[in-house]
Q: 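First, the structure itself, so that you have it in front of you.
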Amino acid sequence: MAMAGWHLSRNKMLFFSCALFITLAVGVHLMPYFPSISDFLSPSEVISLSSPSNRDSCVSFLHSVVYSDDDDVVKECEIGCGKRLGWDWVGSGRVAGCEFQKLMRSDASDLLNGSWVVVAGDSQARLMAVSLLELVMGNEAMERIRGDLFKRHSDYSITVDEIGMKLDFFWAPYVGNLTELVLQLRRSRNIPDVMVVGAGLWDMLHVNNASEYGSELRVLRDNSLTLLPVSSNLDGGNSKPAPRFLHLFWVGMPMLITTMLNTDEKREKMTTVIYDSYEDELTTSKIWRESGGPFFKLDVRLLSELCGPRCTSDGMHYDGVVYDATVQIMLNALLIESNQKLE
């Protein structure tokens, strides 16, 4: 499959914007003299080009996936199940009409070519970084760096030279850590192209105060919004979409299976009631796009729940298939947001 359109590289997006501006400016001056150009750029045509497309309405179906035994996949499970599962989007109804596609290595490389990706958070975010790097680098190259990436509670940085993509992972297990990172980026005026963050499990275990967690989320939301001066095709509203140079994603907490948690402290503090109170704070904080916030929600809770106990050995960390699916959902969201598609 070949990638159509422009990838997320800031330079090419700027080039495209300048070229479009010059073209439109020339067209406006020539309209009185060339009726055919005026017809082509009539007001109704221009409005329709900036309106959300039918593809944008598919955003709500991005998490409609199913898991199944995959005999063709030879990679063994690393965490829970006896053999690795496969996954795909639901193949019927409105979901099928959206024509979501799994990006192959070449497709993901084209999309992320020249991009700076920041992944920050706890172990769930680290597993997202693993799946993304595995996709763009391949299994063999990923195995060579896996040990460095999984050093306990540490940051990690790598540049994939073949496509010029830089990925920085920041160990940031508390929401306050994420806010500090956002403030640091804002002060430096050096903003990544894609930022994938998430925190909650550590707070639940070591602080265990849902209302305080909610307060921290609102601070993060307000500071993150200052990085986004323009709207997005994924906002879901009726506002006119505009180009964005930062794409923000929130990695949700996985479903916790209390009986499988591996310490007494976890079983005591990470109960279903406490988990739900943290989820409620995420909703009321309005940190997600669907409620006017800056982050597109990657619903790891739903994806892990669909996979279930067969995909985890500790009730918290799930097999790679869950994070692989999450990465593909994120990449398809990026395609929608940047008005690109696979052919």
Side-chain angles (χ1 to χ4, degrees), residues 1-9 12-13 16 52-75 84-115 117 119 127-139 142 160 162-163 165 167 193-194 196 232-234 236 241 244 247-249 251-252 289 296-300 302-304 306-307 318-343:
M1 292 181 290
M3 181 69 66
W6 299 81
H7 57 63
L8 299 175
S9 172
K12 286 198 173 182
M13 288 296 290
F16 174 74
S53 67
N54 291 334
R55 184 168 173 79
D56 297 333
S57 67
C58 289
V59 169
S60 60
F61 298 114
L62 276 168
H63 290 83
S64 300
V65 308
V66 291
Y67 296 99
S68 60
D69 292 339
D70 191 344
D71 295 329
D72 295 327
V73 179
V74 297
K75 181 180 175 183
R84 187 172 173 85
L85 297 176
W87 75 275
D88 209 336
W89 280 281
V90 173
S92 60
R94 297 181 65 182
V95 180
C98 292
E99 298 182 341
F100 299 131
Q101 297 187 56
K102 295 181 183 178
L103 275 69
M104 305 300 289
R105 180 179 178 183
S106 59
D107 302 319
S109 297
D110 285 343
L111 180 63
L112 298 173
N113 184 18
S115 298
V117 179
V119 182
L127 289 168
M128 282 287 293
V130 169
S131 285
L132 180 58
L133 286 173
E134 195 169 63
L135 177 61
V136 298
M137 296 175 62
N139 294 339
M142 182 63 217
V160 184
E162 295 85 347
I163 61 173
M165 184 197 84
L167 185 142
D193 300 289
V194 180
V196 186
S232 159
N233 285 351
L234 293 182
R244 289 164 46 91
H247 309 266
L248 284 171
F249 294 89
V251 181
R289 293 270 188 89
F296 181 84
K297 178 184 178 182
L298 296 172
D299 197 344
V300 177
L302 172 63
L303 297 172
S304 58
L306 289 171
C307 209
Y318 283 77
D319 296 326
V321 64
V322 172
Y323 306 100
D324 291 348
T326 308
V327 165
Q328 290 289 345
I329 288 169
M330 180 183 76
L331 295 178
N332 273 261
L334 284 173
L335 287 172
I336 294 173
E337 181 165 73
S338 55
N339 294 313
Q340 301 186 65
K341 64 179 181 178
L342 297 177
E343 290 185 348

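Positions are given from 1 along the sequence.
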Q: For the pair Asp107 (side chain) and Met104 (backbone), establish whether a donor and an acceptor sit closer than 3.5 Å, ignoring hydrogens and angles.
A: yes
Q: I'd like to know if the side chain of Arg289 reaches the main chain of Lys297, judged simply by a donor and an acceptor atom lying under 3.5 Å from each other, with no hydrogens or angles considered.
A: no
Q: Are Tyr318 and Thr326 packed together at the side-chain level, in the sense that at least one heavy-atom pair is separated by less than 4.5 angstrom?
A: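 Sidechains of Thr326 and Tyr318: no contact.
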Q: According to side-chain hydrogen bond (donor to acceptor under 3.5 Å, both in side chains), who are the partners of Ser64, at least two apart in sequence or on a separate chain?
A: none
Q: Distance-only, no hydrogens or angles: does the Asn113 side chain make a donor-acceptor pair with backbone N or O of Ser109 under 3.5 Å?
A: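 Side chain of Asn113 to backbone of Ser109: no pair is present.
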Q: Identify whether NZ of Lys or CZ of Arg in Lys102 sits under 6.0 Å from the centre of the six-membered ring of Trp87 and within 45° of that ring's axis.
A: yes
Q: State whether the side chain of Asn332 and the backbone N or O of Gln101 hold a donor-acceptor pair below 3.5 Å, judged by distance alone.
A: yes
Q: Do Cys307 and Asp319 come within less than 4.5 Å of each other through their side chains, counting heavy atoms only?
A: no
Q: Could you tell me if the side chain of Val59 sits less than 4.5 Å from the side chain of Ser57, heavy atoms only?
A: no
Q: CD1/Ile336 to CZ/Phe296 distance, rounded to the nearest 0.5 angstrom?
A: 7.5 Å
Q: For Leu298, is there any backbone N or O sitting under 3.5 Å from a side-chain donor or acceptor partner on His63?
A: no
Q: Shortest non-hydrogen contact from Gly252 to Val300?
A: O-CB, 3.3 Å
Q: So which heavy atom on Ala333 is nearest to which on Leu62, and how close?
A: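 Closest pair (atom of Ala333, atom of Leu62, distance): CB-CD1, 3.9 Å.
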Q: Are the side chains of Leu132 and Leu112 in touch, meaning some heavy atoms are under 4.5 Å apart?
A: yes
Q: I need the minimum non-hydrogen distance between Val160 and Met137, along with the two atoms involved.
A: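 That closest heavy-atom pairing would be CG2-CG, 4.0 Å.
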Q: How many angstroms lie between CZ in Arg94 and SG in Cys58, if you round to the nearest 0.5 Å?
A: 8.0 Å
Q: Please name all residues satisfying side-chain contact (heavy atoms from CB on, under 4.5 Å) with Leu306, sequence neighbours left out, ordered by chain then number.
A: Val65, Tyr67, Leu302
Q: Measuring from atom CG of Asp193 to atom CE of Met165, what distance do you get when rounded to the nearest 0.5 angstrom?
A: 11.0 Å
Q: Would you check if the side chain of Arg105 reaches a backbone N or O of Leu135 as a donor-acceptor pair within less than 3.5 Å?
A: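 Not a single qualifying donor-acceptor pair exists.
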Q: Report yes if some heavy atom in the side chain of Asp88 is under 4.5 Å from a heavy atom in the side chain of Phe100; otherwise report no.
A: no
Q: Can you tell me how far apart CG (Leu167) and CG (Leu133) are? Round to the nearest 0.5 Å.
A: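 The CG atom of Leu133 is 5.0 Å from CG of Leu167, to the nearest 0.5 Å.
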Q: Taking all atoms of both residues into account, what is the closest heavy-atom pair of Ala108 and Val136, and its distance?
A: CB-CG1, 4.0 Å
Q: Locate the shortest heavy-atom distance separating Ser131 from Gly320; write the atom from each residue and the value.
A: OG-O, 3.9 Å
